[in-house]
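Protein chains get the first letters and strands the later ones, always in sequence-line order, with residue 1 at the start of each.
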Number of protein chains: 2
Amino acid sequence: MGAQTGSVIVRALRLLGAFSPEQPELTLTELARRAGLPLTTAHRLVSDLASWGALERDGDGRYRIGLRLWETASLAPRGLGLRELALPFLEDLSQVTQENVQLAVRDALDVVYVERIAGRTAIPVLTRVGGRFPMPPTGVGLVLLAHAPAEVQEEVLAAPLARFTDRTIVSPRLLRQLLAEVRRTGVAISDRQVTIDAVSVAAPVYGPAGTVVAAISVVVHAGDVPPTTLVPVVRAAARGISRTLGTPTLRR
Amino acid sequence: MGAQTGSVIVRALRLLGAFSPEQPELTLTELARRAGLPLTTAHRLVSDLASWGALERDGDGRYRIGLRLWETASLAPRGLGLRELALPFLEDLSQVTQENVQLAVRDALDVVYVERIAGRTAIPVLTRVGGRFPMPPTGVGLVLLAHAPAEVQEEVLAAPLARFTDRTIVSPRLLRQLLAEVRRTGVAISDRQVTIDAVSVAAPVYGPAGTVVAAISVVVHAGDVPPTTLVPVVRAAARGISRTLGTPTLRR
DNA sequence: GGTGCTCTTCCGGATACCGGAAGTTCGGTC
DNA sequence: GACCGAACTTCCGGTATCCGGAAGAGCACC
């Protein structure tokens, strides 16, 4: 009944996973339904989670993610840790371009946005810090996919590619070519593939092991400036972050 | 043996709590020791946590907080949620003053910093996003303590007050007076109580229920400007955030 | 090839987890 | 103000599943 019962821990984590940006506060009943658990079971697990501070209880009895969990999770090297190191470079990039700047990492088959700085005059974008998005159509996603393990690439290429605009690349063959070009040139340009008015220019960030661990991008209004003019500054910022992370080949 | 056992979930959460800013990556053995669990037990629980993405495994076998947990925790209303709403006001404050700006909430008997913007010319401060600090000596802490439930205040006043500088208030009687003044004036000024060269000016942020849910502060070098000149701008920013949160008395 | 360390697998035993049933609280309705 | 339904909380016997010692695998260093 409900969902296949995992171990207690997995069940508890499913409860945490029941929260979403649209519904950051849930009642016990909603929580139980979303996690596919009997109400009584959910009640017991939720009590445990709340006693530690992973969940908090609102005045009107609803539950929400607790500060303690946020605090602990802020130690994630690929989350806040990465953000802290990259922030100065991102801010410089934001100052120089006056556009939206983004920092993202790959998790499974998605892009996860770690930081986003909204430019003064910049166009609104769909992304949210902590949010997910498919890799293929985004600038940062192209960079991350191009440098992902072969099996990840194959899995993405095997599935149907979601279409967002009439310029979204949906042909696996074209995407494969594009990825090869991204590897060759060291930058990715997504031209109106997500929304019809946005172009993004992205570059890879390297970690201490010399592998690509993140990507940054600048998102501009289509037609404002030739995207290629942004390549040097994006690349420079990415190199700066890589150096701060301790990339071996950049050290000196 | 080790620590009092507790339920499985609490044990698993203790494993997450074993990470610290100084040690964001731990081996299985370190994790087990810190959480006070037998190695075998830790091994099993950690596997469950990792399978969901709450923990990730490094190349060399160490564990760290996983991106999935960070992503989920970013839904905490008192964490990233609050930060997102407050950020524009904090940035304005930072632009105007060119000093360090901080946003914090109370958790149990501590201040937890939710955001910190470093000013261009500002002095370095001890705080870190996601970090904890005792309430009494800090500006934000004074605000939060002054508006905390009576039992929280009593608990803080009953314990010995930690001394940081020779201006740190360690007398419960003086602190009590100061808290009353904070409630009366609506702002708190911590004058060289944390470090000998820093003064902070703080104001309360109100939530939808009309209670104090957070505090913001500006930290300046002692002697640079009279702290009182900063009061209006800090208060204005705090009111702006309160309004965005939907404080009833400010609505219009 | 011995020694010490960390990590992983195995498995019998009992503990603490499970979840239906019943009780409580709360708010809305006639 | 009594009734009703929904959401939450407590209770408790049966047993699934969690526990953790023991043993073994992998690795680095002497």
Undergrad: Considering heavy-atom distances to DNA chain D, does A:Thr29 or A:Val8 have its closest nucleotide positioned more toward the 5' end?
TA: A:Thr29
Undergrad: Rounded to the nearest angstrom, tell me the gap between atom CG in B:Leu31 and atom C1' in C:dT6.
TA: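 In whole Å, C:dT6 C1' and B:Leu31 CG are 13 Å from each other.
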Undergrad: B:Ile9 CD1 to C:dA16 C1': how many Å, rounded?
TA: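 Rounding to the nearest Å, CD1 of B:Ile9 and C1' of C:dA16 are 12 Å apart.
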Undergrad: A:Thr41 near the nucleic acid: base, sugar-phosphate alone, or nothing, with a heavy-atom cut-off under 4.0 Å?
TA: base
Undergrad: Please determine whether a side-chain nitrogen of the Lys or Arg among A:Arg83 and B:Glu115 lies less than 4.0 Å from a carboxylate oxygen of the Asp or Glu.
TA: yes
Undergrad: Whole angstroms only, please: what is the CG-P distance between A:Asp58 and D:dC8?
TA: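 Roughly 12 Å, once rounded to whole Å.
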Undergrad: Establish, with yes or no, whether the OP1 or OP2 oxygen of C:dT8 is under 4.0 angstrom from a side-chain nitrogen or oxygen of B:His43.
TA: yes
Undergrad: B:Arg116 side chain to B:Gln102 main-chain N or O, any donor-acceptor pair under 3.5 Å?
TA: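 Such a contact is absent between B:Arg116 side chain and B:Gln102 backbone.
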Undergrad: Measure from the side-chain N and O atoms of B:Thr41 to the backbone N and O of B:Leu37, and report whether any donor-acceptor pair falls under 3.5 Å.
TA: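 Not at all, since once roles are kept as given, no pair shorter than 3.5 Å links the two residues.
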Undergrad: A:Leu15 has an atom CG; how far is it from atom P of C:dC18, in whole Å?
TA: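 Rounded to whole Å, this separation is 11 Å.
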Undergrad: How about CD on B:Gln23, more than 12 heavy atoms from neighbouring residues, nucleotides or ligands closer than 6.0 Å, or not?
TA: yes
Undergrad: Quickly work out the B:Asp48 CG to C:dT8 P distance and round it to whole Å.
TA: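 Atom-to-atom, B:Asp48 to C:dT8, this comes out as 14 Å.
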Undergrad: Could you tell me the separation between the CG atom of A:Leu67 and the CZ atom of B:Arg78, rounded to the nearest 0.5 Å?
TA: 5.0 Å
Undergrad: Would you mind classifying the nucleic acid contact of B:Arg57 as base, sugar-phosphate or nothing, using non-hydrogen atoms under 4.0 angstrom?
TA: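 Sugar-phosphate contact only - B:Arg57 comes under 4.0 Å of backbone atoms but never of a base.
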Undergrad: Output the rounded distance in Å from CG (A:Leu28) to C1' (D:dC8).
TA: 7 Å
Undergrad: Can you figure out which of D:dG20, D:dT10, D:dC8 approaches the side chain of A:Thr40 most closely?
TA: D:dT10
Undergrad: Report the distance from atom CZ of B:Arg33 to atom P of C:dT6, rounded to the nearest whole Å.
TA: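 Rounded to whole Å, this separation is 9 Å.
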Undergrad: Less than 4.0 angstrom between a side-chain N/O of B:Arg44 and OP1 or OP2 of C:dT9, yes or no?
TA: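 The answer is no; no side-chain N or O of B:Arg44 sits under 4.0 Å from OP1 or OP2.
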Undergrad: It should be established whether A:Thr27 places a side-chain nitrogen or oxygen under 4.0 Å from OP1 or OP2 of nucleotide D:dA7.
TA: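 For A:Thr27, the contact criterion (side-chain N or O under 4.0 Å from OP1 or OP2 of D:dA7) is not met.
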Undergrad: Hey, does the side chain of B:Arg11 come within less than 4.0 Å of D:dC19's phosphate (OP1/OP2), counting only N and O?
TA: yes
Undergrad: Provide, to the nearest angstrom, the distance between the CG atom belonging to A:Leu37 and the C1' atom belonging to C:dG20.
TA: 15 Å
